[in-house]
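What follows is a single structure, and I will ask about it in a moment.
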Amino acid sequence: MIQSMIFAFIVLLVAHSLLAGDDQTAKAGEGRPDPLELIPLVTSDNILEKIQEDAKVIFVDARETAEYSEDHIPGALNLTLRQVTETSAQRLGDADLIVTFCLKDFRGYELGRALQSSGVRNVRLMKDHGINGWRKQGLPIASRDGLTDVEALALLRKCAADKGICLEKSGAADFPVYSLSARRRRDHILDGFIDPSSFVPHFPRDDTLSRSYLTLDDTLSSKLLLTLFEGCRKSDLKGS
Amino acid sequence: MKVSSTVVRSVKLELLLAVVFLLPGLAFLQTTGDIGIYFRYRIPDGHILYLGAKLCGLYAVIFLWLQLLQGLLQACGYRFLDRSDDPAFHRNLGLVVVFLFSTHIALFVSAVSMRSGHFAYQLLLPLFFGAYYPSILSIGLIAAWPLLTAAAIGAMRRRLT
């Protein structure tokens, strides 16, 4: 028994040294604000500012597909830790801000590390930790029985333009967007916050990532994004 | 002849145990990478506990598999391990399984509590009619009940007999 344990321990140490040697985390983390933070935190406020600046912001949802299909941050890609490959990571490489998340950012942190190890830069975690923190802030969520991705993205754009719409109401338990029924919630948002005629979804601002991503993994996220960009093109055509 | 067969069986047991110790550790390292990073950098609250919970969970599953396999095969008249006949081995393995599962639960609840800033008691309450995540956690909780019950019955039987 003891011999087995010693043998297993030695093999694990060797495996660890091999895996650690291949880790590019430190290289990918160069230029981070705090050298002690491997994956720096970013506030919701900063994320909204980036969106408003038209930066390429990508949310990556580390949860399972079943969880993702229930609700997610609008426009988020679904990529679990075990799906991370060099190829999938390279697709995210040129983004200005990549926010990995899950419920409380346990899996989100691990996904962020895996992406960093694959050479992805600008990976961040949300300061409020996960989709729960995002929801608590009063920021929009796309869900199966609530807002669609397009609607939630439009609301997010509104929030980025005027943070008071979402952030200043955070913490209020009866914030109408989340306390009303799905149907009324949608009507409320469309009537109260969004003018459908001026709807120009722009986030993520280009469809390069989602289109190339489709060839990698035909996830629900990719389908939603494709639908979103189809809608975007139609909107552009109408506008012109 | 008898000696050599005992040696072969013993070697098989040692190899099996080595694999049992090895597989969860390798799976953990494969998904976690360089563990040293967690000690060199500042990490979010409770993350070390989360990793501990993950490691305990992996080992708990494979030790439970070992316990079940040797118990079931023994019931069918096969000797899976050299020490299958030894009640102490069965008991000790069972205690290790219970310890690992309990530690897995305790570390995970502690990790979530540290991250959220309040005691995450809701993780200990089964909820099957909610979202996917609580449902999956509930399956784990329900699975823990027969495990703990079996351990308790084992302990009580020993006292009663």
Side-chain angles (χ1 to χ4, degrees), chain A residues 1-26 29 32 34-41 63-71 81-82 84 102-111 113-114 116-117 125 127 129-130 132-133 143-144, chain B residues 10-51 53-55 59 81-83 89 92-93 108 111-117 120 123 130-137:
Chain A
M1 175 78 98
I2 301 292
Q3 286 170 340
S4 303
M5 285 179 73
I6 292 169
F7 172 72
F9 184 70
I10 291 168
V11 174
L12 286 176
L13 272 181
V14 172
H16 177 250
S17 59
L18 288 173
L19 285 166
D22 196 34
D23 205 321
Q24 300 173 31
T25 306
R32 57 187 175 274
D34 183 347
L36 281 176
E37 277 186 341
L38 185 63
I39 305 180
L41 300 176
R63 299 175 302 159
E64 299 298 319
T65 309
E67 295 173 88
Y68 173 86
S69 63
E70 283 172 355
D71 57 9
L81 183 59
R82 60 181 176 275
V84 174
C102 60
L103 277 176
K104 293 298 289 180
D105 276 356
F106 288 110
R107 288 171 285 176
Y109 187 84
E110 294 300 314
L111 178 68
R113 273 203 59 199
Q116 279 190 340
S117 298
L125 279 182
K127 195 179 178 189
H129 291 309
N132 285 348
S143 65
R144 201 159 45 194
Chain B
S10 178
V11 169
K12 279 182 183 172
L13 171 66
E14 295 298 328
L15 273 175
L16 179 76
L17 287 175
V19 171
V20 165
F21 285 125
L22 208 58
L23 284 179
L26 284 175
F28 179 78
L29 288 178
Q30 181 65 35
T31 53
T32 312
D34 184 6
I35 300 171
I37 275 181
Y38 293 100
F39 300 98
R40 290 200 297 273
Y41 292 90
R42 194 183 300 143
I43 56 172
D45 291 340
H47 206 82
I48 291 284
L49 297 183
Y50 166 76
L51 290 176
K54 189 172 161 182
L55 187 62
Y59 271 104
L81 297 173
D82 273 356
R83 296 171 218 167
F89 182 73
N92 292 341
L93 197 54
F108 185 67
V112 176
S113 300
M114 280 180 74
R115 184 68 59 92
S116 53
L123 295 174
Y132 172 85
Y133 189 72
S135 302
I136 291 295
L137 285 184

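A, B, ... follow the sequence lines: proteins, then strands. Residue 1 opens every chain.
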Could you look at Asp71(A) and say if it's the side chain, the backbone, both or neither that has a heavy atom under 4.5 Å from chain B?
neither
Beyond-backbone contact of Pro44(B) with Leu125(A), side-chain heavy atoms, under 4.5 angstrom
yes
Examine whether an atom of Leu23(B) lies under 4.5 Å from a heavy atom of chain A, and if so say whether it belongs to the side chain, the backbone or both; otherwise answer neither.
neither
Could you tell me if the side chain of Glu110(A) sits less than 4.5 Å from the side chain of Tyr50(B), heavy atoms only?
yes
ring-ring contact (aromatic ring centres under 6.0 Å, His included) against Tyr38(B), all qualifying residues, sequence neighbours excluded:
His47(B)
All side-chain hydrogen bond (donor to acceptor under 3.5 Å, both in side chains) counterparts of Lys54(B), not counting sequence neighbours:
Thr31(B)
Evaluate the side chain to side chain contact (heavy atoms under 4.5 Å, CB included) criterion for residues Arg115(B) and Leu103(A): first the C-alpha distance (whole Å), next the side-chain angles of each, then the deciding distance (0.1 Å), finally the verdict.
CA-CA 11 Å; Arg115(B) 184 68 59 92; Leu103(A) 277 176; over 6 Å; no
In this structure, CD of Glu67(A) is separated from CD1 of Ile136(B) (nearest 0.5 Å) by 8.5 Å
Counting heavy-atom pairs closer than 4.5 Å to chain B, which one of Asp105(A), Asn132(A), Leu81(A) comes out on top?
Asp105(A)
Can you tell me which portion of Val20(B) sits under 4.5 Å from chain A's heavy atoms? Options are side chain, backbone, both or neither.
neither
Might you point out which heavy atoms bring Asp45(B) and Phe106(A) nearest each other, and give the distance in Å?
O-CE2, 4.3 Å
Does any heavy atom of chain B fall under 4.5 Å from the side chain of Glu70(A), the backbone, both, or neither of them?
side chain
